[in-house]
Amino acid sequence: MPNRSTPALKVLEASGVPATVHEYELPDRPADGRHAYGREAAAALGIDEDRIFKTLVVRVDDQLVLAVVPVDGEVDLKALAGVVGARRAVLADAAEAERATGYVVGGISPIGGRRRLPTVVDVRAMELDSMLVSAGRRGLQVELAPGSLVALTAAVVAGISRR
């Protein structure tokens, strides 16, 4: 594995899980402040969007949960709440997400966060031989088997996305 130091890559290296790191140039950002980091990664790497997953931090009742969903869709907050036995789910604001994970928005990885948060991976990942998630910073993705991600993060697999 290339020597790029992020907590996610350190966890992967220590675990011995086979993974491939993909680095890409960050595109210019639109002036309106709207970003589609996962879609940018797919375009820059020439990879189908259905193989790249974004990690969202969600406040579910009184706890934070990581939702790993395809970049070509969005998290179904009601379904996520149901999976974790909660009544209500809302996306955490950027500052809260960054404090909890130690990563910046657009580079939040489900692996190696500051705090170990409950993780739910969308069932669509399990249809793939390999998937990509952030490796812990913008412009860096890691490709691994979905089962490896689930094992590393002790994730629950459920249908939590919609297109």
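- Taking the side chain as every heavy atom from C-beta outward, V121 and P146 never approach each other to under 4.5 Å.
- The distance from atom CZ of R138 to atom OH of Y24, rounded to the nearest 0.5 Å, is 9.5 Å.
- Listed by chain and residue number, E74, D76 satisfy the salt bridge (charged side-chain N to carboxylate O under 4.0 Å, His left out) test with R162 (two or more places apart in sequence, or in another chain).
- L91 and F53 fall into different hydrophobic clusters, where Ile, Leu, Val, Met, Phe, Trp and Tyr residues are linked whenever their side-chain heavy atoms come under 4.5 Å apart, directly or through other members.
- Counting only distance, with no hydrogens or angles, the side chain of K54 and the backbone of G106 share no donor-acceptor pair below 3.5 Å.
- Considering only residues two or more places apart in sequence or on other chains, E143 meets the salt bridge (charged side-chain N to carboxylate O under 4.0 Å, His left out) condition with R51.
- The two residues L144 and P18 make their nearest non-hydrogen contact at CB-O, 3.9 Å.
- Hydrophobic clustering keeps Y37 apart from V104 (ILVMFWY residues linked when any side-chain heavy atoms are closer than 4.5 Å, directly or through intermediates).
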Practice item. Using the side chain to side chain contact (heavy atoms under 4.5 Å, CB included) rule, take V142 and T20 through it: C-alpha gap first, then chi angles, then the decisive distance, then the call. Key: CA-CA 6 Å; V142 64; T20 304; over 6 Å; no
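- Considering only residues two or more places apart in sequence or on other chains, R115 meets the salt bridge (charged side-chain N to carboxylate O under 4.0 Å, His left out) condition with none of them.
- V75 and V157 fall into different hydrophobic clusters, where Ile, Leu, Val, Met, Phe, Trp and Tyr residues are linked whenever their side-chain heavy atoms come under 4.5 Å apart, directly or through other members.
- Separating the CG atom in L12 from the OG1 atom in T6 is a distance of 8.0 Å, to the nearest 0.5 Å.
- Of the inter-residue distances, the one linking R99 atom CZ with L64 atom CG reads 9.5 Å to the nearest 0.5 angstrom.
- Using a 4.5 Å heavy-atom cutoff, the side chains of I47 and Q141 are not in contact.
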Item checked: Evaluation steps, side chain to side chain contact (heavy atoms under 4.5 Å, CB included), between V65 and V83 -> CA-CA 11 Å; V65 173; V83 168; over 6 Å; no
Report task. List the steps, then state whether side chain to side chain contact (heavy atoms under 4.5 Å, CB included) holds for D72 with R39. Result -> CA-CA 8 Å; D72 67 351; R39 290 192 161 145; 4.0 Å; yes
Determine whether E23 and R137 satisfy the following criterion, salt bridge (charged side-chain N to carboxylate O under 4.0 Å, His left out), listing intermediate values before the conclusion. CA-CA 10 Å; E23 192 165 14; R137 72 170 168 81; 2.7 Å; yes
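- Environment of CZ in R88: sparse, with no more than 12 heavy atoms of neighbouring residues, nucleotides or ligands closer than 6.0 Å.
- The side-chain heavy atoms of S134 and T55, taken from C-beta on, include no pair separated by under 4.5 Å.
- Both L56 and V120 are part of a single hydrophobic cluster, where members link through side-chain heavy atoms under 4.5 Å apart.
- Following chains of ILVMFWY side-chain contacts shorter than 4.5 Å, one cannot reach L80 starting from L117, and the two form parts of different hydrophobic clusters.
- The nearest pair of heavy atoms linking V60 to A81 is CG1-CA, 4.2 Å.
- One distance of note links CG of L9 with CD1 of I111; it measures 8.5 Å at 0.5 Å rounding.
- Contact check for V156 versus V84: no side-chain heavy atoms found under the 4.5 Å cut-off.
- Counting all heavy atoms, side chain and backbone alike, A8 lies closest to S109 at CB-OG, 3.5 Å.
- Annotation: side chain of V58 is not in contact with side chain of V90 (no heavy-atom distance under 4.5 Å).
- Taking each heavy atom of I52 and A41 in turn, the nearest pair found is CD1-C, 3.9 Å.
- In this structure, CG in L132 is found 11.0 Å from CG in L149, a value given to the nearest 0.5 Å.
- Closest approach of M131 to V68, counting heavy atoms only: CE-CG1, 4.2 Å.
- Considering all non-hydrogen atoms of both residues, Y103 and P7 come closest at OH-CB, 3.5 Å.
- Here CG of D50 is found 6.0 Å from CG of L128. Values are rounded to the nearest 0.5 Å.
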